[in-house]
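Please read through the structure below; I'll follow up with questions.
Both counts, for ligands and for their atoms, begin at 1 and track the order of listing.
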Amino acid sequence: MSKQRVLSGIQPSGKLHIGNLVGALQNWVRLQEQYECYYFIADWHALTSQYADTAQLREYIKDVVVNCLAAGLDPEKVTIFQQSHVLEHAELHLLLSMMTPLGWLERVPTYKEKLEQVSDKDMHTYGFLGYPVLQSADILIYRANHVPVGVDQVPHLEITREICRRFNNFYGDVLIEPEALLTAFPKVPGTDGRKMSKTYGNCIYLSDTPKEVEQKVRTMMTDPARVKRTDKGDPELSPVYQLHKIFSSKEEQAQVAEGCRTAGIGCIDCKKILIKNLLTVLEPIWEKRKFFLEKPDDLEDILSTGSQKAKHAASETMELVRKAMNLDGLK
Ligand code: TRP
């Protein structure tokens, strides 16, 4: 029996951080054994918000590929590719845009939120409204069964399923309705306690040096009410403890939580344990990053081989789609 298909993408909108590692990459690596996986760099999606300045796009795309490999994705097992190199995505996006009601797009919560939140860029564009249509094309073109994403992407997956049903209703059963494979991971807080995000400048990047990681953790926010070493704290209010929950053993978690509540240990002691554990996770990744960064030709090869494979799979679907829509010639 052939394996079920998994597809997911990541935007090259900045350097990847430890939130991307535990939220996406590590999960992608786990799935590569069991499924036929297609993972891609959603560079067109990055343009929906960064269309005016693409100076760093190439660097960010490279950072994503290097981190995918450093996190353990094996190009022998999975197909890693760049969205803009598989033009078929654009064709399906166009066709799906014809049948997607505006109301569906205007109702997407991420759309409304970003329009309100982003003030330094003009997001009132055709492309940004169509973001979920492009994402639907990305998914449906591979007839993927599962899409590993975080909860923030669920509305996009819902639209994808609705667009899929609408297409199949009009033209027959061609596309496969995908399911979200929810990544059950707690939100990774940044150094200031807010969600880790490059817009907040609170990230620990996979490209940081050991010194930078140490420095960032040392100056990280803790329970704001614990001012003096002798004050008792509440670990649940400390972003450092949230990171312990992800990167430290159960014993260490219990130990620092107890130490915080009783003022048995200071914040610096607690942070030292986190630093040690973060370095343990990051060291092998740094080593592999170095290895791949020294081989730019190999990176290029991996991406172009992957894009060719993806193009092959995408073309198969597009033939069915064109035929179903009577766009496949006169005979
Ligand atoms: N919207 C996704 C994100 O920001 C990226 C993405 C684009 C994606 N196309 C996709 C994810 C297709 C899964 C499937 O995280």
Side-chain angles (χ1 to χ4, degrees), residues 4-17 19-28 31 35-50 57 60-61 63-65 67-68 73 78-90 92-93 96-97 100 105 108-111 113-114 117-118 123 127-164 175-183 185 187-188 195-199 203 306-307 310 313-314 317:
Q4 295 233 308
R5 234 179 229 185
V6 156
L7 170 120
S8 197
I10 194 160
Q11 285 191 57
S13 52
K15 294 180 292 179
L16 296 194
H17 50 69
N20 302 120
L21 177 71
V22 298
L25 298 186
Q26 288 180 341
N27 191 38
W28 289 9
L31 296 168
Y35 296 96
E36 181 191 3
C37 297
Y38 287 83
Y39 296 130
F40 72 100
I41 299 153
D43 50 352
W44 280 337
H45 275 106
L47 292 179
T48 58
S49 50
Q50 282 160 234
L57 190 55
Y60 292 158
I61 292 169
D63 186 71
V64 177
V65 187
N67 286 322
C68 282
L73 283 186
V78 306
T79 307
I80 305 172
F81 67 99
Q82 188 171 339
Q83 182 187 35
S84 68
H85 290 194
V86 185
L87 298 177
E88 285 77 1
H89 289 226
L92 187 57
H93 167 250
L96 299 179
S97 79
T100 305
L105 299 173
V108 175
T110 47
Y111 177 68
E113 274 161 31
K114 219 165 170 184
Q117 283 168 6
V118 176
M123 300 295 291
F128 182 56
L129 178 66
Y131 185 114
V133 185
L134 180 56
Q135 182 159 349
S136 301
D138 298 336
I139 298 167
L140 298 174
I141 207 163
Y142 296 100
R143 284 176 289 159
N145 310 95
H146 306 284
V147 184
V149 283
V151 279
D152 59 313
Q153 293 294 314
V154 168
H156 293 160
L157 248 292
E158 272 317 308
I159 280 227
T160 303
R161 290 160 60 88
E162 277 172 315
I163 291 178
C164 174
L175 302 176
I176 287 180
E177 202 172 316
E179 262 166 46
L181 208 59
L182 283 190
T183 314
F185 237 97
K187 278 222 170 74
V188 181
K195 181 180 189 268
M196 188 172 283
S197 157
K198 76 166 188 330
T199 28
C203 298
S307 298
T317 306

Report summary line: Taking every heavy atom of V108 against every heavy atom of P132, the minimum-distance pair comes out as CG2-CG, 4.2 Å
Query raised in the report: Under the ring pair (Phe, Tyr, Trp, His ring centres under 6.0 Å) test, which residues partner H146, sequence neighbours left out?
Result: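 In terms of ring pair (Phe, Tyr, Trp, His ring centres under 6.0 Å), with neighbours along the sequence ignored, H146 is linked to Y35.
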Query raised in the report: Do N145 and E179 have a side chain donor and acceptor closer than 3.5 Å?
Result: no
Query raised in the report: Who pairs with E177 by salt bridge (charged side-chain N to carboxylate O under 4.0 Å, His left out), at least two apart in sequence or on another chain?
Result: R161, R165
Query raised in the report: How would you list, by chain and number, every residue that makes a ring pair (Phe, Tyr, Trp, His ring centres under 6.0 Å) with Y39, sequence neighbours excluded?
Result: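 Counting only residues at least two positions away or on another chain, Y39 forms a ring pair (Phe, Tyr, Trp, His ring centres under 6.0 Å) with W28.
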Query - F128 and H45 aromatic centres sub-6.0 Å - result: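 No.
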Query raised in the report: Name the residues in contact with ligand 1, where contact means a heavy atom under 4.0 Å away: which are they?
Result: L7, S8, G9, Q11, F40, A42, H45, Y131, Q135, D138, I139, V147, V149, Q153
